[in-house]
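Positions are given from 1 along the sequence. Order of appearance sets the numbers: ligands from 1, and atoms from 1 within every ligand. Just the heavy atoms: all of them, side chains too, but no hydrogens, waters or symmetry mates, feed the values below. The model shown is predicted, which means the values in this text are computed figures rather than measured ones.
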Amino acid sequence: MPEPLNVLLGVSGGIAAFKAPEIVRTLRGRGHRVRCAMTRSAGAFVTPLTLEVLTEHPVYREEYLEANDSGEELHISVARWADVMCVAPATCNTLARLALGLADDFMVTTSLAFTGSLLVAPAMTTEMWEKAPVQGHVAALEERGVVLVGPVVGPLATGETGMGRMAEPQDIVAAIEATRRKGDLAGRAVLITAGPTQEALDPVRFLSNRSSGKMGFSLAAEAASRGAKTHLISGPVSLPTPLGVVRVDVTTAAEMAARVEELAPESEVVIMSAAVADFRPVTTRSSKIKKGAGGPDLKLEGTEDILARLQTIAPNALRIGFAAETGELEEEARRKMKEKGAHWIVANDVSRSDIGFGSEHNEVTVFRRNKPAVTLGRQAKRRIAGRLLDLVKQELDGVEAEVAVTSG
Ligand code: CTP
């Protein structure tokens, strides 16, 4: 059982505050110690008594700043007690106060005295989330290393569905626990590819696929947050670059292959999560194909298989491929592992609508050479990324242990 964490949960006043008790319960069920700090408006959505009962500790309210008659600077001692501080939900106002460092209540004052991992889980309507001031505050927080957990797309309190829903309590708990692994990949060089590639037919059309890049970006975010020197080669996607990641944008399979060729030889781990085009048009027309001319006669040719090529350019790296399948998962994964000389193939069933392409979630089975397969059940892609990197870490450590035994 890993060491329990001291978690300070900050609750601000939005409807998602009703999920704070669930976060506390899950954390405590997993052995962690929890204390809560609430803003004044949070009390309109969840009672302090509920959180006190669940944490078995008084809740820190706004008035603690003034009513501190023990002589102890409470915000200092609480900041020192906590290993992790997580603000969930973080409303627009609380996000702004955290970003600006407005020490006008106990929670934000404590966040300023706190030097450990700070996480925020925003919750608001799509319109509010997309507003420039909110995005500005989010960017400022991320720049300082604050971990954003969500928000996610889903049903909102307004009855609509959209971006802005608070991440699910279990995903917030996973993010809190993930802070424990901070730095365990320090000094490791990891190369990840993500997203689709686009192969142009003419100046306006291309062949591509439905990859959103989310899995690869989650892997890159996770690797970088754990200290790895992380390069991310991405096809065209609309995702922000995760903090600490060196991103290289490409369009075609050939461009991706060229950039992998440059970066793979210096990498200890190469994860090919990109959905690389298998075929491209033999010629790209320089002018738009007109419909008057009837359906174009498309001639396609194969692209280079980047994962297979890694055997030559990165023979010592741990080489991990992905396989998006609609049928025989294991058979196909093992065939690809053999044909492409990969050490692992991470396979998922893309015929399921609740996981895979475009979804926030995934469920994968990691097939490994000479080791049992591991299935990572349906969970947020960032969490899958975390578990996958745990396996990578084990493998790297194992390899080193073997080398140490042999040389000793
Ligand atoms: N891959 C690659 N270069 C390509 C095509 C695929 O490096 N030109 C990598 C992918 O990034 C992935 C793995 O190979 O890690 C498997 O990709 P997938 O598309 O599932 O396999 P295919 O080789 O296309 O096999 P099939 O068409 O039989 O499914």
ask   = Considering only heavy atoms, does Leu307 approach ligand 1 within less than 4.0 Å through its side chain, its backbone, both, or neither?
value = both

ask   = Should the pair Arg369 and Trp344 be classed as cation-pi, given the thresholds of under 6.0 Å to the six-membered ring centre and 45° from the axis?
value = no

task = Can you measure from CD1 (Ile233) to CG (Asp249) and round to the nearest 0.5 angstrom?
result = 10.5 Å

query = Can you list the atoms of ligand 1 that are under 4.0 Å from a heavy atom of Ala277?
reply = 8 (N)

Salt-bridge contact Lys19-Glu22 (side-chain N to carboxylate O under 4.0 Å) = no

message = Can you tell whether the side chains of Glu255 and Arg259 come within less than 4.0 Å, N to carboxylate O?
response = no

task = Look at atom 17 (O) of ligand 1 and say which protein heavy atom is nearest, naming residue and atom and giving the distance to 0.1 Å.
result = Phe322 O, 3.6 Å

query = Under 4.0 Å from any heavy atom of Ala323, which atoms of ligand 1 are there?
reply = 20 (O)

query = Which heavy atom of Thr252 sits nearest a heavy atom of Gln198, and at what distance?
reply = CG2-O, 3.4 Å

query = Mind checking whether Ala275 has an N or O less than 3.5 Å away from an N or O of ligand 1?
reply = no

inquiry  = Check contact between Glu304 and ligand 1, using heavy atoms of the residue and a distance below 4.0 angstrom.
reply    = yes

message = Out of all atoms in ligand 1, which are within 4.0 Å of some heavy atom of Gly321? Include the element for each.
response = 15 (O)

Within-cut-off N or O pair, Glu325 and ligand 1, under 3.5 Å = no

salt_bridge(Arg226, Glu222) N-O dist < 4.0 Å = yes

task = For atom 10 (C) of ligand 1, find the nearest protein heavy atom and state the residue, atom name and distance (0.1 Å precision).
result = Ala274 O, 3.5 Å

ask   = How far apart are the closest heavy atoms of Ile313 and Ala264, and which atoms are they?
value = CD1-CB, 4.2 Å

request  = Can you figure out which of Ile306, Val260, Thr197 has its heavy atom closest to atom 2 (C) of ligand 1?
outcome  = Ile306

message = Given Lys340, Arg309, Met272, identify the one with the heavy atom nearest to atom 14 (O) of ligand 1.
response = Lys340

key: Non-hydrogen atoms of Arg309 and Glu261 that approach each other most closely   = NH2-OE2, 2.6 Å

query = Would you call Lys336-Glu325 a salt bridge at under 4.0 Å N-O?
reply = yes

query = Using heavy atoms and a threshold below 4.0 Å, how should the contact between Arg335 and ligand 1 be classified: side chain, backbone, both, or neither?
reply = side chain

ask   = So, does Ala253 sit close enough to ligand 1 that a heavy atom of it is under 4.0 Å from the ligand?
value = no

query = Quick one: nearest non-hydrogen protein atom to atom 21 (O) of ligand 1, plus distance?
reply = Lys336 NZ, 3.2 Å

ask   = Taking heavy atoms and a distance under 4.0 Å, where does Asp278 meet ligand 1: side chain, backbone, both or neither?
value = side chain

note = dist Lys393:NZ -> Leu185:CG (nearest 0.5 Å) comes out at 6.5 Å

